[in-house]
Protein chains: 2
Amino acid sequence: MELAEAKKKFIETWGKLGSEWGINRTMAQVHALLLISPEALTTEEIMETLSISRGNANMTLRDLIGWGLIEKQHKAGERKEYFYADKDTWNIARQVAKERRKRELDPMLKALDELSKVEGDVNDPDYKTFNKSVTDINKLAKNVDKTLDTMLKAEENWFWGSLFKIFK
Amino acid sequence: MELAEAKKKFIETWGKLGSEWGINRTMAQVHALLLISPEALTTEEIMETLSISRGNANMTLRDLIGWGLIEKQHKAGERKEYFYADKDTWNIARQVAKERRKRELDPMLKALDELSKVEGDVNDPDYKTFNKSVTDINKLAKNVDKTLDTMLKAEENWFWGSLFKIFK
DNA sequence: TTAAACTTTCAATATATTTTGAAAGTTTAA
DNA sequence: TTAAACTTTCAAAATATATTGAAAGTTTAA
């Protein structure tokens, strides 16, 4: 496979993965493009390479900055803004986990906590089933939250090292 | 909060979570409804409770069966099909992880393996950056795959016990 | 100042996904 | 058989999400 072809395929693959995980395709593709670019790119270059509009490029770049996945770079004597991606996969994974926790897990934990407080007749099968499911899911969600918390604070080697020890 | 209100809220919350994770809202809501139902329900009851059409209910139920999250039940002397959900959160988590691995991670690993084989000039910064990113992501994906594999084979207590030991 | 270079906004448009519902298909009891 | 009870299908409609592009906004150098 040619490098040019491989690049296209990578951008496409990363885009598909993103859309399967709730990150929009274009956002994932811009991220992929920056991941394989040795140099920071301008909005213009990104628009051109991916055939997307200026508005789309601008919004997507802002989103990616919001996710902590890319950063702006200013070149001396230039007006234009350049963008580059953090290339460290561990950081990428952490950043994504961190954002999704904040955006999704936290609100869910809040809702579940409230729902597990609902009182009812312990002889009512409806109530019993409701309560058990909510409580169990709440426990699971809390475990996930705790694990993520520790993971986010951890160093890469320490994390993977420990993980391999258990999952040998 | 009233039980009836709490049930509604739970179905809504689970639905929202699902849609954030690439599972469609209705599918997550039907799953939620069955999770809090002590008895298996008919298509009719599900349609009514969630105000969805027959076609939608039928397709969603088939999808949920495909994901291994619910099962059909036949009651003696009845023509109708009843549906019930596995209530064990550990099984649910495992089932979802298993399906997503099969549907998403496996194809991605295949694509990444191919892309990491692409050869090029080691003095070309383009090639070097491409190669490093692809290789790194491939490693990460393989680690995730390995971890999931072990997790899927593991027993609940063993898994959470070990996880807590590291992430104390 | 001002005007060129650049960035941001957002209503309109396009695309993708989900849902409907009526018709077709299947199963079963009599 | 047959007809009632039930399930499945799928084209059309509705809804949700993403994208465009031109206009408005901002910054900077002269």
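The sequence lines fix the lettering, A, B, ..., with proteins before strands; numbering per chain opens at 1.
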Practice prompt. Please work out which residues in residues 44-67 of chain B have a non-hydrogen atom less than 4.0 Å from an atom of DNA chain C and list them by number.
Written response: Ser51(B), Ile52(B), Ser53(B), Gly55(B), Asn56(B)
Discussion item. Could you see if Ile11(A) belongs to whatever hydrophobic cluster contains Val118(B)? Use Ile, Leu, Val, Met, Phe, Trp, Tyr and a side-chain cutoff under 4.5 Å.
Written reply: yes
Response to the item:
Assign each of Arg79(A) and Tyr82(B) the nucleotide of DNA chain D bearing its closest heavy atom; nearer the 5' end lies the nucleotide of Tyr82(B)
Worksheet item: Is a donor on one side and an acceptor on the other found under 3.5 Å between the side chain of Glu45(A) and the backbone of Thr42(A)?
Response: yes
Item to complete: Using whole Å, report how far NE2 of His74(B) lies from P of dT27(C).
Response: 11 Å
Worksheet item: Should Leu152(A) and Met108(A) be regarded as members of a common hydrophobic cluster, given that ILVMFWY residues are connected when their side-chain heavy atoms come within less than 4.5 Å of each other, either directly or indirectly?
Response: no
Worksheet item: Centre of Phe130(A)'s six-membered ring, under 6.0 Å away, within 45 degrees of the axis: is that where NZ or CZ of Lys7(B) sits?
Response: no
Worksheet entry | Residues within residues 20-35 of chain B bordering DNA chain C, heavy-atom distance below 4.0 Å | Asn24(B), Thr26(B)
Worksheet item: With respect to Glu44(A), which candidate in Arg54(A), Arg79(A), Lys80(A) satisfies the salt bridge (charged side-chain N to carboxylate O under 4.0 Å, His left out) definition?
Response: Arg54(A)
Worksheet entry | Watson-Crick and G-U pairing of DNA chain D written in dot-bracket, each distance under 3.5 angstrom, with | for inter-strand partners | ||||||||||||||||||||||||||||||
Fill in: Glu81(A) CD to dT7(C) P, straight-line distance once rounded to whole Å
5 Å
Item to complete: Fit a plane to each ring of Trp14(B) and His31(B), take the angle between them on a 0 to 90° scale, and name the class: parallel (under 30°), tilted (30 to 60°) or perpendicular (over 60°).
Response: tilted
Worksheet item: Do you know the tightest heavy-atom contact between Ala141(B) and Leu112(B)?
Response: CB-CD1, 4.1 Å
Fill in: Donor-acceptor pair between Thr26(A) and Gln29(A) side chains, under 3.5 angstrom
no
Fill in: Cluster overlap Leu148(A) with Ile92(A), hydrophobic side-chain contacts below 4.5 Å
no
Discussion item. Starting from Met59(B), can I reach Ile65(B) by hopping between I/L/V/M/F/W/Y residues whose side chains sit under 4.5 Å apart?
Written reply: no
Practice prompt. Calculate the interatomic distance between Lys80(B) atom NZ and dT28(C) atom C1'; express it in whole Å.
Written response: 14 Å
